[in-house]
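Mind having a look at this structure? Questions to follow.
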Amino acid sequence: MSRAATASPNDRAPMTDLAHPDRLRKLADMRAAGVDPFPPRGVDALPIAQVIAGGGSIDAPGPLAAKRVQIAGRMLALRDFGKLAFAPLIDRTGKIQIGFAKERLPDWWERRKWLDHGDLLGIEGELGRTQKGELTVWATKVDILAKCVAVPPEKWHGLVDIEQRYRRRYVDLWAKEGVREVFEKRARILAGVRRFLDARGYVEVETPILQPLYGGAAARPFVTHYNALDSDFFLRIAPELYLKRLIVGGMERVYEIARNFRNEGLSARHNPEFTMLELYQAQSDYRGMMELAEGMIESLAREINAGTQIHFRGADYDLRAPFVRRGYIDLFQEHAGCAFDDQVRVRAKARELGIKDPGSFPKLMNDVFEATVEEHLQGPIFVTDYPLEICPLAKVSPRDGRLAERFELFVGGMELGNAFTELNDPQDQYQRFAEQVASKDDEAPSAIDIDYVQALEYGMPPAGGLGLGIDRLVMLLTGQDTIRDVLMFPALRPLTGEACATEPAAAPSIAPGR
RNA sequence: GGGCGCGUAGCUCAGUCGGUAGAGCAGCUGGCUUUUAACCAGCGGGUCCCAGGUUCGAGUCCUGGCGCGCUCACCA
């Protein structure tokens, strides 16, 4: 689509060609009649849901029936009948029909031509019904609160172009049924997480997003530059190492709902910035984290969906605790057909699967695990006790020196969470950092986080830590197949060249910075 | 980054074998006092994603590019 700037009929300022000439002409007509199409004040509107509730039913009219009400919202369509017209109006709470009748609006009637679907209106009128019995606000006063000069999407299909839905979420939110509900549920899920943890004595904290070193996960970071310190900083890939410093600091139970940034590809499950709940609890361990995770997820499901049954990507799941627990090495044996530490047979299996050698046996072994086991993890299931080598921040298992006390949670074959009994031995931690750095893996940290090791030297209590992918949890609880449908503004390639039309010459600045 | 698919009016989409660019909705004009995707009559609206090429002639075929989707890879 081109975005060439064109002069508007009223010659005020250039507009993009999204603004329709017919609508711009109405803007000019309104101004010529002394009416501001963008008045400074809104109206004192009653939420539409309350109007509907107050209207009652035909047989049992409510307290607002036949009363004067004032509402405000976006007009989605206009059905004109000569001396009568109907229009649905939506606000954040619901949708109701407005009725325009010439006999009730004699002075205004000529001005009905100013209305277009998409306009934001303030309506004062009497709550009544039509002959078909539909609850209707019969307007006695109509104010255009903001003119919609861009033509909204076609009314029946709505906005279906997926790219346009994401690029213009501000249209998608009212033009496509169900979109806003997903984000309202997302907000309730976040509130529910906070309520759940706050009730258990957790303190919500905020730790640096701009970090001089990055760690706590294996991922490539985004790099930025801080001019005042003339230093490169990294956008965090995880808050983990800062949160555990707070456990050293004696806070004992902390969590952060953290936006993380990873310089990686996009998929239905991945966005370069994503939200992760991370929490740490002193005197707990990975077993405690399992109980916390399943308890929280079950309770969120009950809160959001009034039950633990969910439907996701064509399958049904039950999020009732407790979830199944299965050992990593047992699952490995079962699905890969050999022991996880049998190098010869694991390598043979990898060749059979066409997996290319990532350079180290533990990674290769885990690649085989992912290729053979993950598809079977319909879950909800905790996969427990991972090989120590792929867990640089987890404590060794007291029962088996080859394993670490770690679990990952899967639902629908999708990784939802990751937790450990946290490693708190500073010497061991230093050693494992050093191995990571020496591995020359391009996703390993480039330097040892000495300050973190020093924090451990002061003593960190035994603790459990849990990371939960909030976006993926929202996907499950709202039945959305892709992460983009639970992110307001998912990452997209920026528009370039002519498609932008944001040059200052085309869009003169109208207000100084605040 | 690879593979597959898509890109045509403001929106949703047709477009046959390569032969003058189409529909519905939206818009404009007129009609209509109870509609629910209202209806009826008329009108306006196109850089067929971009750039090359083949051809008498390209929305259509070819090459390259851009964008998006799906998928694979990447993502402990």
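Throughout, a chain's letter reflects where its sequence line sits, starting with A, and its residues are numbered from 1. On a predicted model such as this, the values are computed, not experimentally measured, just so you know.
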Exercise. Check the side chains of A:Thr207 and A:Glu256 for a donor-acceptor pair under 3.5 angstrom, ignoring hydrogens and angles.
Key: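 A:Glu256 vs A:Thr207: donor-acceptor pair found between side chains.
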
Quiz item: Any salt bridge (charged side-chain N to carboxylate O under 4.0 Å, His left out) pairs touching residues 371-386 of chain A, not counting sequence neighbours?
Solution: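 For residues 371-386 of chain A: A:Asp385-A:Arg399.
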
Exercise. Can you tell me, in whole Å, how much space there is between the C1' of B:rA38 and that of B:rG45?
Key: 24 Å

Quiz item: A:Asp172 has an atom CG; how far is it from atom C1' of B:rC68, in whole Å?
Solution: 15 Å

Quiz item: Out of B:rU36, B:rG67, B:rC70, which has the shortest distance to the side chain of A:Thr482?
Solution: B:rC70

Quiz prompt | Base B:rU35 paired with A:Gln131 side chain (donor-acceptor, <3.5 Å) | solution =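 No, the side chain and the base share no sub-3.5 Å donor-acceptor pair.
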
Quiz item: With A:Arg326, which residues qualify under side chain to side chain contact (heavy atoms under 4.5 Å, CB included), at least two apart?
Solution: A:Val324, A:Asp330, A:Leu331, A:Glu334, A:Ile381

Self-check item: Any A:Lys26 side-chain nitrogen or oxygen under 4.0 Å from OP1 or OP2 of B:rC28
Solution: yes

Quiz item: Roughly how many Å is it from CZ in A:Arg167 to C1' in B:rC11, rounded to a whole number?
Solution: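 So the two atoms are 18 Å apart, to the nearest Å.
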
Quiz item: Of all residues at least two apart in sequence or in a different chain, which pass the side chain to side chain contact (heavy atoms under 4.5 Å, CB included) check with A:Arg259?
Solution: A:Phe261, A:Glu273, A:Thr275

Quiz prompt | For B:rU33, the Watson-Crick or wobble partner whose two distances fall under 3.5 Å | solution =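 Check on B:rU33: unpaired, no WC or wobble geometry under 3.5 Å.
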
Quiz prompt | B:rG10: pairing nucleotide in any strand, Watson-Crick or G-U under 3.5 angstrom | solution = B:rC25

Under 3.5 Å, N/O pairs linking protein and nucleotides 71-74 of chain B:
{"from": "B:rC74", "atom 1": "O2'", "to": "A:Arg220", "atom 2": "NH2", "distance (Å)": "3.3"}

Quiz item: When you measure from the side chain of A:Arg68 to the backbone N and O of A:Thr140, does any donor-acceptor pair fall under 3.5 Å?
Solution: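 Not confirmed, A:Arg68 side chain does not pair with A:Thr140 backbone.
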
Quiz item: Over how many whole Å does the gap from A:Leu135 atom CG to B:rU36 atom P extend?
Solution: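 In whole Å, B:rU36 P and A:Leu135 CG are 18 Å from each other.
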
Self-check item: Those residues that, when tested against A:Gln343, pass side chain to side chain contact (heavy atoms under 4.5 Å, CB included) (two or more places apart)
Solution: A:Arg347, A:Phe361

Give me, pair by pair, the N or O atoms of the protein and of nucleotides 22-25 of chain B that are less than 3.5 Å apart, along with how far apart they are.
{"from": "B:rG24", "atom 1": "N2", "to": "A:Glu154", "atom 2": "OE2", "distance (Å)": "3.4"}
{"from": "B:rC25", "atom 1": "O3'", "to": "A:Lys155", "atom 2": "NZ", "distance (Å)": "3.4"}

Exercise. With a 4.0 Å heavy-atom cut-off, tell me which residues in residues 78-85 of chain A come close to RNA chain B, sorted by residue number.
Key: A:Arg79, A:Asp80, A:Phe81, A:Gly82, A:Lys83, A:Leu84

Quiz item: What integer number of Å spans the C1' atoms of B:rC43 and B:rU47?
Solution: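 Rounded to whole Å, the distance is 24 Å.
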
Exercise. Sticking with atom P, work out how far B:rU16 lies from B:rG7, rounded to a whole angstrom.
Key: 12 Å

Self-check item: Strand partner of B:rG64, provided both Watson-Crick or wobble distances fall under 3.5 Å
Solution: B:rC50

Quiz prompt | A:Asp485 bridged to A:Arg165 by N-O distance under 4.0 Å | solution =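 Salt bridge present between A:Asp485 and A:Arg165.
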
Quiz prompt | Length of the CD1-C1' vector between A:Ile98 and B:rU33, whole Å | solution =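 Computing the A:Ile98:CD1 to B:rU33:C1' distance gives 17 Å.
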
Quiz prompt | Separation between the P atoms of B:rU8 and B:rC61, rounded to whole Å | solution = 15 Å

Quiz item: Taking any strand in view, what nucleotide pairs with B:rG57 in a Watson-Crick or G-U wobble way, both distances under 3.5 Å?
Solution: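 B:rG57 is unpaired by these criteria.
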
Quiz item: What's the closest nucleotide to the A:Asp116 side chain, out of B:rC28, B:rG67, B:rA26?
Solution: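 For the A:Asp116 side chain, the nearest candidate turns out to be B:rC28.
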
Quiz prompt | Watson-Crick or G-U wobble mate for B:rU20, both contacts under 3.5 Å | solution = none

Run the side-chain donor-acceptor check on residues 107-114 of chain A: report pairs under 3.5 Å with partners two or more places apart or on a different chain.
{"from": "A:Arg112", "atom 1": "NH1", "to": "A:Trp109", "atom 2": "O", "distance (Å)": "3.0"}

Exercise. Using the P atoms only, state how far B:rU63 lies from B:rG5, rounded to an integer number of Å.
Key: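 Comparing P positions in B:rG5 and B:rU63 gives a spacing of 12 Å.
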
Exercise. Identify whether any heavy atom of A:Glu134 sits under 4.0 Å from a base atom; if not, whether one sits that close to sugar-phosphate; answer base, sugar-phosphate or nothing.
Key: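 Answer is base: heavy atoms of A:Glu134 come under 4.0 Å of a base.
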
Exercise. Between B:rG46 and B:rG59, how far apart are the C1' atoms? Round to whole Å, please.
Key: 11 Å

Exercise. Let me know the distance between CG of A:Leu24 and P of B:rA26, rounded to the nearest Å.
Key: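 Rounding to the nearest Å, CG of A:Leu24 and P of B:rA26 are 20 Å apart.
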
Quiz item: What is the minimum heavy-atom distance between A:Met365 and A:Phe340, and which atoms define it?
Solution: CG-O, 3.2 Å

Self-check item: Pairwise C1' distance, B:rU60 and B:rG18 [rounded to whole Å]
Solution: 7 Å

Quiz item: Is the Lys NZ or Arg CZ of A:Arg406 less than 6.0 Å from the centre of A:Tyr386's six-membered ring, within 45° of the axis?
Solution: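 Satisfied, under 6.0 Å and within 45°.
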
Exercise. Mind checking side chain to side chain contact (heavy atoms under 4.5 Å, CB included) for A:Leu64 and listing every partner two or more places apart, or none if nothing turns up?
Key: A:Leu46, A:Val69, A:Leu127

Exercise. Considering non-hydrogen atoms only, spot the tightest contact between A:Ala217 and A:Ile237 and give its length.
Key: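 Smallest interatomic distance, heavy atoms only, reads O-CD1, 3.3 Å.
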
Exercise. With sequence neighbours excluded, give me every salt bridge (charged side-chain N to carboxylate O under 4.0 Å, His left out) pair touching residues 131-141 of chain A.
Key: A:Lys141-A:Asp143

Quiz prompt | Nearest-Å distance for atom pair NZ/C1', residues A:Lys132 and B:rU33 | solution =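 So the NZ-C1' distance, A:Lys132 to B:rU33, works out to 13 Å.
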
Exercise. For each nucleotide in nucleotides 41-46 of chain B, reading 5' to 3', give B when a protein heavy atom comes within less than 4.0 Å of its base, S when such contact involves only the sugar-phosphate, and - otherwise.
Key: ------

Quiz item: To the side chain of A:Phe86, which of B:rG30, B:rU35, B:rC68 is closest?
Solution: B:rU35

Quiz item: B:rA26 phosphate, OP1 or OP2: any side-chain N/O from A:Arg23 under 4.0 angstrom?
Solution: no

Self-check item: Contact list for residues 71-88 of chain A, test side-chain hydrogen bond (donor to acceptor under 3.5 Å, both in side chains), sequence neighbours left out
Solution: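 Non-adjacent pairs meeting side-chain hydrogen bond (donor to acceptor under 3.5 Å, both in side chains): A:Arg79-A:Gln97.
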
Self-check item: Pairing partner (Watson-Crick or G-U wobble, both distances under 3.5 angstrom) of B:rG1
Solution: B:rC72

Quiz item: With nearest nucleotides of RNA chain B determined for A:Glu103 and A:His117 from heavy-atom distances, which residue corresponds to the more 5′ nucleotide?
Solution: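 Nearest-nucleotide comparison on RNA chain B picks A:His117.
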
Quiz prompt | A:Asp172 bridged to A:Arg169 by N-O distance under 4.0 Å | solution =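 Salt bridge: yes.
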
Quiz item: Between A:Glu126 and A:Arg104, is the closest basic N to carboxylate O distance under 4.0 Å?
Solution: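 Salt bridge between A:Arg104 and A:Glu126, a charged N being under 4.0 Å from a carboxylate O: yes.
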
Quiz item: If we take the P atom in both B:rC39 and B:rG22, what is their distance in whole Å?
Solution: 24 Å

